[in-house]
Amino acid sequence: MKRRNFLMNITAAIGGLVATKAIAKIDHNNMHNMVCDINSDECQKGDGTHQHMNMNNNQMPQKLLPTSALPQGMDLPTLTNLKNDSNQKGFFEATLHLKPTKIALTPNLITEFWTYNGMTPGPKIEVFEEDHVKITVKNELTQPTTVHWHGLLIPSDQDGNPQNEIPAGGSRTYEFTIPKGTAGTYWYHPHGHNTVAEQVYRGLAGTFIVRSKHDPLTSIPEQNWFFSDLKLTDKGQIADNSMVDWMNGREGQFVLINGSYRPKIKIDSATRIRVWNACSGRYLNLSIPNCDVYLVGTDGGLLAKPYLLTKPLLLTPAERAELVIMPKQTGTVYLQSIGYDRNKMGNVPPEQDLILGELVLTKSDPITLPNTLNQLPNMGPAVAHKLLEYTEVMDMKQPHGGMLFLINGKRHDMSRIDLKSKIHDIEEWTIFNNSHMDHNFHIHGAQFIVQTHELNGKKTQPDYIALKDTINLRPHEKLTIKIQQNLPGLRMYHCHIIEHETLGMMGQLMVE
């Protein structure tokens, strides 16, 4: 643990980046107990001033806005659909404008975000399998960008790789066809070189839903929960990344759902919930009290059959899930993220339970879900094997806290091809997190199926079989997956803690 002690000494030497008070214990089912979270006003009473400080890249402290400054308890907003400008059946055509936009978070608090079509999160894109999609992106920012269609199985030259940036003031049209059998919960966000961290934390992200004409759950009412992180200075402007943000992944004092802080969410019958973790670095460990909660889908679509959750659902940055929630009691409870220790670096407060919103439940009769939801691909034996190793190194000559995050000992280089695969080959990949903190793994162009987890010499099978494009790895964990790339071209793979991706934890796969 020498690395961790060293980093704690650094943060202490520059003045103590984070201060927090004792956190009250939470009764997960009782709204009447006093509950507080990191940076909340209740936890800071008696100080006379808020001690949350943010260290930007120039090591100048920034005070952060108290969490009492934003309204809470508003009804959950509905995500706005992106208008389809085509009248042709099976064709979706639209335009996304990337631009700075001033948004009133309160009557007295105006914050400049970077937005798609003037809103954050960006507009929801809904299409069906086999639809042809044509989206023109106009970049009105002062820096280049791309749009990565996260999780979609589309040609590499349409997938928003950092090699294919849209210059400031420029535009490009993305065009692709949605493959049959890929209905699921996806999203879109920038993937530019060295710009993705800032562009995401300033607001650039949106949802992308692919529907099936034969969806077995189509009769169930549906909601969307799009989680994002917001970090504001005491002036109400988006804060720069601190050194701790670069080391651990950015976490703001506000966790938003559909752009709203701690909203009120009404569930009065069995409801299908699509969930996105669009945070830069925050892990969500979702607890939904007084309900039966079934996991019915993950990153790449529906599971083979429903899976009843008996513990909180961990979603790391970029992961998605589909749930069916059946209220067992009438009443109001907290939707929470239960504290999950991902072994952050530096002098940071311990993980605590975090209130995300209020669930207003109405007891309803349970429904019987179909025994079969989806036919997952039956991958045969692997014909090729690959090994990835995550490591971290300190280099105080580097910016952003002197940390580099590496794959197979190398920092991402856009001019280097790290791995090659043959199109349609079934491959077995082993990803080894040889570090002291959690990282996750994301790959473009394919969905994979986890085979085994290995930790402390013990191998375990996954609790359920699922199509994934993003998965967590605990410290010193080995993960074995099966994967098949069915389109040629360049693909990226990386940790989706966005700051770690930016600081080098990314590689390039050429499919030939």
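Since the structure is predicted, the reported quantities are computational estimates derived from the model, not experimental observations.
- Under the 3.5 Å distance criterion, with hydrogens and angles disregarded, no donor-acceptor pair is assigned to the side chains of Gln72 and Glu358.
- Between Glu130 and Lys213 there is no salt bridge, since no side-chain N of the basic residue sits under 4.0 Å from a carboxylate O of the acidic one.
- With a 6.0 Å cutoff to the six-membered ring centre and a 45° limit on the axis angle, Arg172 counts as a cation-pi contact of Tyr174.
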Which pairs would a plain distance check flag for residues 403-414, meaning a side-chain donor or acceptor within less than 3.5 Å of a matching protein atom at least two apart in sequence or in another chain?
| unit_1 | atom_1 | unit_2 | atom_2 | d |
| --- | --- | --- | --- | --- |
| Asn408 | OD1 | Glu389 | N | 2.8 |
| Asn408 | ND2 | Leu387 | O | 3.2 |
| Arg411 | NH1 | Gln398 | OE1 | 3.2 |
| His412 | NE2 | Gln508 | OE1 | 3.2 |
| Asp413 | OD1 | Ser415 | N | 2.9 |
| Asp413 | OD1 | Ser415 | OG | 2.7 |
| Asp413 | OD2 | Ser415 | OG | 3.3 |

_Using the rule given for side chain to side chain contact (heavy atoms under 4.5 Å, CB included), can you reason through Ile166 versus Val137, listing the C-alpha separation, both sets of side-chain angles and the distance that settles it, and then say yes or no?_
CA-CA 8 Å; Ile166 307 167; Val137 177; 3.8 Å; yes
*asked:* Using the rule given for side chain to side chain contact (heavy atoms under 4.5 Å, CB included), can you reason through Ser156 versus Arg491, listing the C-alpha separation, both sets of side-chain angles and the distance that settles it, and then say yes or no?
replied: CA-CA 7 Å; Ser156 65; Arg491 300 296 185 180; 3.8 Å; yes
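- In this structure, a donor-acceptor pair under 3.5 Å is absent between the side chains of His439 and Asn472.
- The structure places CG of Leu479 at 5.0 Å from CG of Leu473, a figure rounded to the nearest 0.5 Å.
- No side-chain heavy atom of Leu419 sits under 4.5 Å from any side-chain heavy atom of Met510.
- Taking the centre and axis of the six-membered ring of Trp276, the NZ or CZ atom of Arg320 falls outside the cone set by 45° and 6.0 Å.
- Evaluation of the ring-ring contact (aromatic ring centres under 6.0 Å, His included) test over residues 83-102, restricted to residues two or more places apart or in two chains, returns Phe91-His132.
- Considering only heavy atoms from C-beta on, Leu204 comes within 4.5 Å of Leu141 through its side chain.
- With 3.5 Å as the limit, one finds a donor-acceptor pair spanning the side chains of His424 and Asn486.
- Looking at Leu490 and Leu509, their side chains never come closer than 4.5 Å, going by heavy atoms from C-beta outward.
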*asked:* Is there a side-chain hydrogen bond (donor to acceptor under 3.5 Å, both in side chains) between Thr182 and Glu129? Walk through the geometry before answering.
replied: CA-CA 7 Å; Thr182 61; Glu129 294 174 338; 5.0 Å; no
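- Side-chain contact check for Leu230 versus Leu232: some heavy-atom pair is nearer than 4.5 Å.
- When the ring-ring contact (aromatic ring centres under 6.0 Å, His included) test is applied to Tyr201, no partner is found at least two apart in sequence or on another chain.
- Side-chain atoms of Asp159 and His148 form a donor-acceptor pair, as typed in the model, at a separation below 3.5 Å.
- Side-chain contact between Leu284 and Pro317: absent, with no pair of heavy atoms (C-beta onward) separated by less than 4.5 Å.
- Under the 3.5 Å distance criterion, with hydrogens and angles disregarded, no donor-acceptor pair is assigned to the side chains of Glu222 and Thr271.
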*Applying side chain to side chain contact (heavy atoms under 4.5 Å, CB included), run through Val127 and Arg211 and close with a yes or a no.*
CA-CA 6 Å; Val127 299; Arg211 297 193 178 275; over 6 Å; no
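- In this structure, OG1 in Thr67 is found 11.0 Å from CG in Leu64, a value given to the nearest 0.5 Å.
- A donor and an acceptor atom, one from each side chain of Arg274 and Asn224, are nowhere located under 3.5 Å apart.
- In this structure the side chain of Ile497 never reaches within 4.5 angstrom of the side chain of Arg250, judged on heavy atoms.
- Side-chain atoms of Asn139 come within 3.5 Å of backbone N or O of Gln143 as a donor-acceptor pair.
- Under the 4.0 Å criterion applied to side-chain N and carboxylate O atoms, Glu427 and Lys422 are not assigned as salt-bridge partners.
- For His494 and His444, the distance between ring centers is under 6.0 angstrom.
- Neither side chain, Gln484 nor Asp425, offers a donor N or O lying under 3.5 Å from an acceptor on the other.
- Using a 3.5 Å distance cut-off with no hydrogens or angles, the side chains of Thr95 and Lys83 do not pair a donor with an acceptor.
- Residues Phe208 and Trp187 keep their aromatic ring centres 6.0 Å or farther apart.
- A donor-acceptor contact closer than 3.5 angstrom links the side chains of Thr185 and Glu322.
- Within the 4.5 Å cutoff, the side chain of Leu356 has no heavy atoms near those of the Trp225 side chain.
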*Test side-chain hydrogen bond (donor to acceptor under 3.5 Å, both in side chains) applied to Asp469 and His150, step by step*: CA-CA 9 Å; Asp469 56 54; His150 185 117; 3.2 Å; yes
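- Counting heavy-atom neighbours within 6.0 Å of Lys138 NZ, excluding the residue itself, gives a total of 12 or less.
- Side chains of Asp215 and Ser212: a donor-acceptor N/O pair is absent below 3.5 angstrom, by distance only.
- Only one option out of Leu105, Thr233, Leu109 pairs with Leu65 in a side chain to side chain contact (heavy atoms under 4.5 Å, CB included); it is Leu109.
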*Could you check Leu323 against Leu295 for side chain to side chain contact (heavy atoms under 4.5 Å, CB included), going step by step and ending with a plain yes or no?*
CA-CA 5 Å; Leu323 308 174; Leu295 180 69; 3.8 Å; yes
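- A donor-acceptor pair is defined here as one N or O able to donate and one able to accept, closer than 3.5 Å; no such pair exists between the side chain of Asp229 and the backbone of Val255.
- Screening Lys468, His496, His442 against Glu319 for a side chain to side chain donor-acceptor pair (under 3.5 Å) leaves a single residue, Lys468.
- In this structure, CZ on Arg262 lies 15.5 Å from CG on Leu76, to the nearest 0.5 angstrom.
- When Arg282, Lys344, Arg342 are each tested for a salt bridge (charged side-chain N to carboxylate O under 4.0 Å, His left out) with Glu351, only one passes: Lys344.
- Here the straight-line distance linking atom SG of Cys495 with atom OH of Tyr390 works out to 5.5 Å at 0.5 Å rounding.
- A salt bridge links Asp245 and Lys231; the closest N-O separation between the charged side-chain nitrogens and carboxylate oxygens is under 4.0 Å.
- Looking at Glu477 and Asn433, their side chains never bring a donor and an acceptor atom within 3.5 Å of each other.
- A distance of 11.0 Å separates CE of Met506 from CD1 of Ile498, quoted to the nearest 0.5 Å.
- The distance from the CG atom of Asn164 to the OG1 atom of Thr146 is 8.0 Å, given to the nearest 0.5 Å.
- Thr502 and Glu499 are not linked by any side-chain donor-acceptor pair at a separation below 3.5 angstrom, with hydrogens and angles left out of the test.
- The distance between the ring centers of Tyr283 and Tyr340 falls below 6.0 angstrom.
- Residues Val133 and Glu175 form no side-chain contact, since every pair of their non-hydrogen atoms from C-beta on lies 4.5 Å or further apart.
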